[in-house]
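Worksheet: one structure, shown below.
All values reported here derive from a predicted model rather than from experimental measurement.
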Amino acid sequence: MPVEREIKLRFESAGAARAALDEIGARPLRGRRLQDDVLLDSDDGRLQRSGCALRLRRDGERAAITWKGPPQPGPMKTREEIETAVGVADDARRILASLGFQPRFRYQKYREELSLDGLIVAIDETPIGTFVELEGEELAIASVAVRLGRGPADYVLASYRSLFLEYRQTRGGYGADMVFDTPA
């Protein structure tokens, strides 16, 4: 099974993240675009209870379905991941609904992707802040994090759903989903 290994790092702004990544040699891969994600689950929440996730993503003109297995213990978020492109996101959503999977949480982010030392580096601008996501091999992730002035204490392993719930709890009612009020 393919394995996803990643961390997130908090940044003050997308500009600060771009400047820091530019300074250490990151190269553009995909431009900034809106990703609109929906996590789906059964009525009884069995995927979330088991630490798994089923996501339908709209990424510009592209769409994909992703299954993520439960996180494995370790210093970075590591889990099995299977992703496949789909033709029409709304059709895929109807198919998943017919199989008993309903939307449980929607979240948006503006993402741009870069490449550095074999990693996919994403700058994610979300309604709750800016994050840099480093995905790839563990040693490369740790090395790039150090070059960004960060260490394991700075690693954010939580999902965007968990981060949103934490944000909402500390700052008051912010709605059921992590979406922008108006597209930027």
Measure across [X] and [Y] and return the closest heavy-atom pair with its distance rounded to 0.1 Å.
| X | Y | value |
| --- | --- | --- |
| Gly175 | Arg168 | O-NH1, 2.9 Å |
| Arg161 | Gln48 | NH1-NE2, 3.0 Å |
| Pro70 | Ser50 | CB-O, 3.4 Å |
| Ala92 | Leu56 | CB-CD1, 4.1 Å |

When hydrophobic residues are tied together by side-chain contacts of less than 4.5 Å, even through go-betweens, does [X] share a cluster with [Y]?
| X | Y | value |
| --- | --- | --- |
| Ile120 | Leu114 | no |
| Val156 | Tyr167 | yes |
| Val86 | Phe101 | yes |
| Val3 | Leu119 | no |
| Ile95 | Leu40 | yes |

[X] vs [Y] side-chain heavy atoms within contact, under 4.5 Å:
| X | Y | value |
| --- | --- | --- |
| Val132 | Lys8 | no |
| Phe131 | Thr126 | yes |
| Leu21 | Val121 | yes |
| Asp43 | Gln102 | yes |
| Arg93 | Val38 | yes |
| Glu61 | Arg33 | no |
| Pro75 | Glu138 | yes |
| Leu116 | Ile24 | yes |

Do you know which of [options] makes side chain to side chain contact (heavy atoms under 4.5 Å, CB included) with [X]?
| X | options | value |
| --- | --- | --- |
| Leu9 | Leu134, Val144, Thr130 | Leu134 |
| Ile7 | Met76, Arg150, Lys77, Glu133 | Met76 |
| Trp67 | Glu81, Glu83, Glu80, Arg55 | Glu80 |

Carboxylate-amine/guanidinium contact Glu135 Arg5, below 4.0 Å |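 No salt bridge links Glu135 with Arg5.
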Output the distance between atom [atom1] ([X]) and atom [atom2] ([Y]), rounded to the nearest 0.5 Å.
| X | Y | atom1 | atom2 | answer |
| --- | --- | --- | --- | --- |
| Leu54 | Ile65 | CG | CD1 | 7.0 Å |
| Asp41 | Leu47 | CG | CG | 4.0 Å |
| Ile128 | Thr170 | CD1 | OG1 | 9.5 Å |
| Leu139 | Asp117 | CG | CG | 11.5 Å |
| Arg10 | Asp124 | CZ | CG | 12.5 Å |
| Met178 | Tyr160 | CE | OH | 7.0 Å |

Asp37 pairs by salt bridge (Lys or Arg N to Asp or Glu O under 4.0 Å) with which of Lys109, Arg104, Lys68?
-> Lys109
For Asp36, which of Arg58, Arg106, Arg57 qualifies under salt bridge (Lys or Arg N to Asp or Glu O under 4.0 Å)?
->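 By the salt bridge (Lys or Arg N to Asp or Glu O under 4.0 Å) criterion, Asp36 pairs with just one of Arg58, Arg106, Arg57: Arg106.
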For Asp44 and Ser42, does a side-chain donor sit closer than 3.5 Å to a side-chain acceptor?
->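 Checked: Asp44/Ser42 side chains pair up, N/O donor to acceptor below 3.5 Å.
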Answer with yes or no whether the side chains of Asp59 and Gln35 bring together a donor and an acceptor at under 3.5 Å.
-> yes
Mark yes when over 12 heavy atoms from residues, nucleotides or ligands other than Glu137 sit less than 6.0 Å from its CD; otherwise mark no.
-> no
Might you confirm whether atom CZ of Arg30 has over 12 heavy atoms from other residues, nucleotides or ligands at distances under 6.0 Å?
-> yes
Quickly, which of Glu113, Glu112, Glu125 forms a side chain to side chain donor-acceptor pair (under 3.5 Å) with Arg32? Name it, please.
->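 Testing each of Glu113, Glu112, Glu125 against Arg32, the sole residue satisfying side chain to side chain donor-acceptor pair (under 3.5 Å) is Glu125.
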Would you say the side-chain atoms of Arg27 pair up with the backbone N or O of Ser115, donor to acceptor, closer than 3.5 Å?
->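 The answer is no, because no donor-acceptor pair under 3.5 Å joins these two groups.
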Any sub-3.5 Å donor-acceptor pair from Asp91's side-chain atoms to Val88's backbone N or O?
->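 Such a contact is absent between Asp91 side chain and Val88 backbone.
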If the plane angle is over 60° it's perpendicular, under 30° parallel, otherwise tilted; pick one for Phe164 and Phe105.
-> tilted
Mind checking what makes ring pair (Phe, Tyr, Trp, His ring centres under 6.0 Å) contact with Phe11, not counting sequence neighbours?
-> none
